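Before any comments, here is the structure.
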Amino acid sequence: MGVCKSVLIVVLVLTIKSTQSLDNGLALTPPMGWLHWQRFRCIIDCDAYPNDCIREDLFKDMADHIVSDGFKDAGYEYVIIDDCWASKERDSKGRLQPDPKRFPSGIKSLADYIHGKGLKFGIYGDYGTLTCAGYPGSLEYLQLDAQTFADWGVDYLKLDGCNSDIFTMEAGYSLMSRYLNETGRPIVYSCSWPAYMEPKGIHPNYDKMAEVCNLWRNWDDIDDCWDNVTSILRFFSDNQDRIAKYAGRGHWNDPDMLLIGNYGLSYEQSKAQMAIWAILAAPLMMSVDLRTIETPYRELLLNKDVIDINQDSLGVQGRFILTKDRIDFWTRPISPVIDGQKTYAIGLLSHRVDGYPYRVNFTLTDLGLKNTAGYVLKDVYDSEIIQEVVKLNDTIFVRIKPTGTVLLIATPLPEIHVKKIK
């Protein structure tokens with residue numbers, strides 16, 4: 001380790017002791033919005049790819065569609081620029097600046113446009129010396145960049161962690177939290193340091209993270225394929241006893257973006273991602289071309305019942321319960337609470353590839369539910385009541401398609417009930 005890096009670590013460790021906790025009152029439910037990375041990556045050749053290029057018109061188009069196509073009304077409110085927006089050089093005062101050809105109006109103007117749509121504006125930065133794509137990072141510029149983002153009207157900051165020392169991340173990300181507080185502007189703060197530690201077998205300090213971040217990426221980047229989705233879910237299920245307790249109002253675990261409507265997931269797999277992300281109380285960040293998305297995928301992203309599960313006010317992250325016949329069962333307690341008994345969202349995720357729907361059976365006792373009066377059971381995606389009175393040990397049968405999902409809501413019956421609940 002060089003002398004300069006050693007000095008930097010000492011300074012950051014000393015600074016963290018006086019760093020204030022994040023105090024913005026934001027993200028009381030998991031944030032919902034759109035960002036460009038999964039669908040548009042780092043496409044900067046606007047001549048060859050005019051419709052996919054990372055430039056200001058792309059984000060204006062997405063903001064327009066979020067409003068006109070019902071996404072804003074459904075709760076999606078953030079339009080977020082990911083990597084590759086910046087100039088390769090800072091300006092004469094050391095400030096970040098956008099690429100002048102692709103963002104000729106400037107970031108403040110783009111933020112104003114998005115705010116004018118009744119939406120909120122987010123941007124990408126990096127804690128290290130360079131972003132993952134090689135643009136200027138914030139190391140040694142944290143305070144200046146925090147103020148620059150605030151001056152531009154930023155409402156959400158995604159701070160990545162490429163090209164940095166993982167052993168300074170806790171201190172450095174905490175320091176950025178302090179600087180964001182000091183701007184006086186409410187800015188949702190999305191951190192990334194677990195995503196650089198967990199794959200190396202290093203357990204980050206989640207207590208500190210929940211104090212200084214609104215959300216944090218836990219694991220590797222999501223990619224547009226089913227195997228990658230299930231690998232992320234394996235991390236969440238294998239580590240839930242360690243990480244789930246840190247999710248709650250104002251601070252969330254983040255399994256990464258929604259892939260729905262792109263190239264790699266089938267419709268059934270897309271339903272499964274939406275369902276389990278809802279149960280995990282995960283941020284719902286679309287990354288799809290809203291100008292061309294096919295209707296079934298758009299309707300899936302707009303499904304009110306699934307969004308209601310995700311945004312439930314109890315703020316409890318769901319848990320993996322068991323696997324039966326290569327089908328995973330997840331549950332999440334949600335409202336309403338009736339006679340002291342919580343409602344539950346129940347997600348079944350199939351790893352079967354048989355080529356036909358599989359009939360699986362289970363009981364509510366298997367899943368840990370306890371209301372002796374029973375439950376009303378509703379199929380969320382089919383919008384129908386399966387059974388109006390289900391006792392704890394009644395056998396429930398459902399059919400689930402290969403690599404698909406069934407999403408249920410079990411609403412508790414009151415201890416004393418006479419009428420059927422419809």
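Positions are given from 1, in the same order as the sequence printed here. Here the structure is a predicted model, which is why all the values come from computation and not from measurement.
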Plane angle bin for [Y] and [X] - parallel if under 30°, tilted between 30 and 60°, otherwise perpendicular:
X	Y	answer
Trp193	Tyr173	tilted
Trp219	Phe235	parallel
Phe320	Trp330	perpendicular

My understanding is that only residues two or more places apart in sequence, or in another chain, count here; which of them pass salt bridge (charged side-chain N to carboxylate O under 4.0 Å, His left out) with [X]?
X	value
Lys401	Glu268
Glu299	none
Arg234	none
Asp305	Lys378

Practice item. Taking all non-hydrogen atoms of both residues into account, name the closest pair between Ser335 and Asp312 and its distance. Key: OG-OD1, 2.5 Å
Looking only at atom types and distance, does a side-chain atom of [X] sit under 3.5 Å from a main-chain N or O of [Y], one as donor and one as acceptor?
X	Y	answer
Asn24	Ile187	yes
His36	Cys42	no
Arg291	Asn51	yes
Asp73	Gly70	no
Arg55	Pro50	yes
Asp155	Phe121	yes
Thr343	Pro336	yes
Asp224	Gly264	yes
His251	Tyr246	yes

**Study point:** Sequence neighbours excluded, every pair satisfying salt bridge (Lys or Arg N to Asp or Glu O under 4.0 Å) that has a member inside residues 197-207
**Key:** Glu198-Arg242
**Study point:** Inter- and intrachain pairs under salt bridge (Lys or Arg N to Asp or Glu O under 4.0 Å), touching residues 116-132, at least two apart
**Key:** Asp64-Lys117, Glu77-Lys120
Exercise for review: Name all residues meeting the ring-ring contact (aromatic ring centres under 6.0 Å, His included) criterion together with Tyr375; count only those two or more places apart in sequence or in a different chain, and write none if there are none.
Suggested key: none
Review point. With Tyr196, which residues qualify under side chain to side chain donor-acceptor pair (under 3.5 Å), at least two apart?
Key: Asp160
Revision key, fill the gap. Contacts of Asp241 meeting side chain to side chain donor-acceptor pair (under 3.5 Å) (sequence neighbours excluded), chain-then-number -> Arg319
Exercise for review: If a pair satisfies disulfide (SG to SG under 2.5 Å) and one of its residues is in residues 156-192, list it, with sequence neighbours excluded.
Suggested key: Cys132-Cys162, Cys191-Cys213
Result block: side-chain N/O donor-acceptor pairs under 3.5 angstrom for residues 103-110, not counting sequence neighbours:
from	atom 1	to	atom 2	distance (Å)
Ser105	OG	Glu56	OE2	3.0
Lys108	NZ	Asp112	OD1	2.9
Lys108	NZ	Asp112	OD2	3.2

Exercise for review: Test Trp85 against every option in Trp152, Phe59, Trp37, Phe40 by the ring-ring contact (aromatic ring centres under 6.0 Å, His included) rule and name the one that passes.
Suggested key: Trp152
**Study point:** side-chain contact (heavy atoms from CB on, under 4.5 Å) evaluation trace for Leu96 with Tyr141
**Key:** CA-CA 9 Å; Leu96 291 169; Tyr141 295 90; over 6 Å; no
Exercise for review: Evaluate side-chain contact (heavy atoms from CB on, under 4.5 Å) for Leu215 paired with Met285, printing each intermediate quantity in order.
Suggested key: CA-CA 12 Å; Leu215 61 153; Met285 291 295 171; 5.8 Å; no
Exercise for review: Take Met274 and Ile307 through the side-chain contact (heavy atoms from CB on, under 4.5 Å) test and state the conclusion after the steps.
Suggested key: CA-CA 9 Å; Met274 190 74 177; Ile307 291 172; 4.2 Å; yes
Practice item. Please indicate whether Lys324 has more than 12 foreign heavy atoms, meaning atoms of other residues, nucleotides or ligands, lying under 6.0 Å from its NZ. Key: yes
Check your understanding: For Lys88, does the NZ atom have more than 12 heavy-atom neighbours from other residues, nucleotides or ligands under 6.0 Å away?
Key -> yes
Practice item. For Arg359, check side-chain contact (heavy atoms from CB on, under 4.5 Å) against everything at least two apart and list the hits. Key: Phe397, Arg399
Check your understanding: Is Leu413 close to Val376 at the side-chain level, that is, under 4.5 Å between some pair of heavy atoms?
Key -> yes
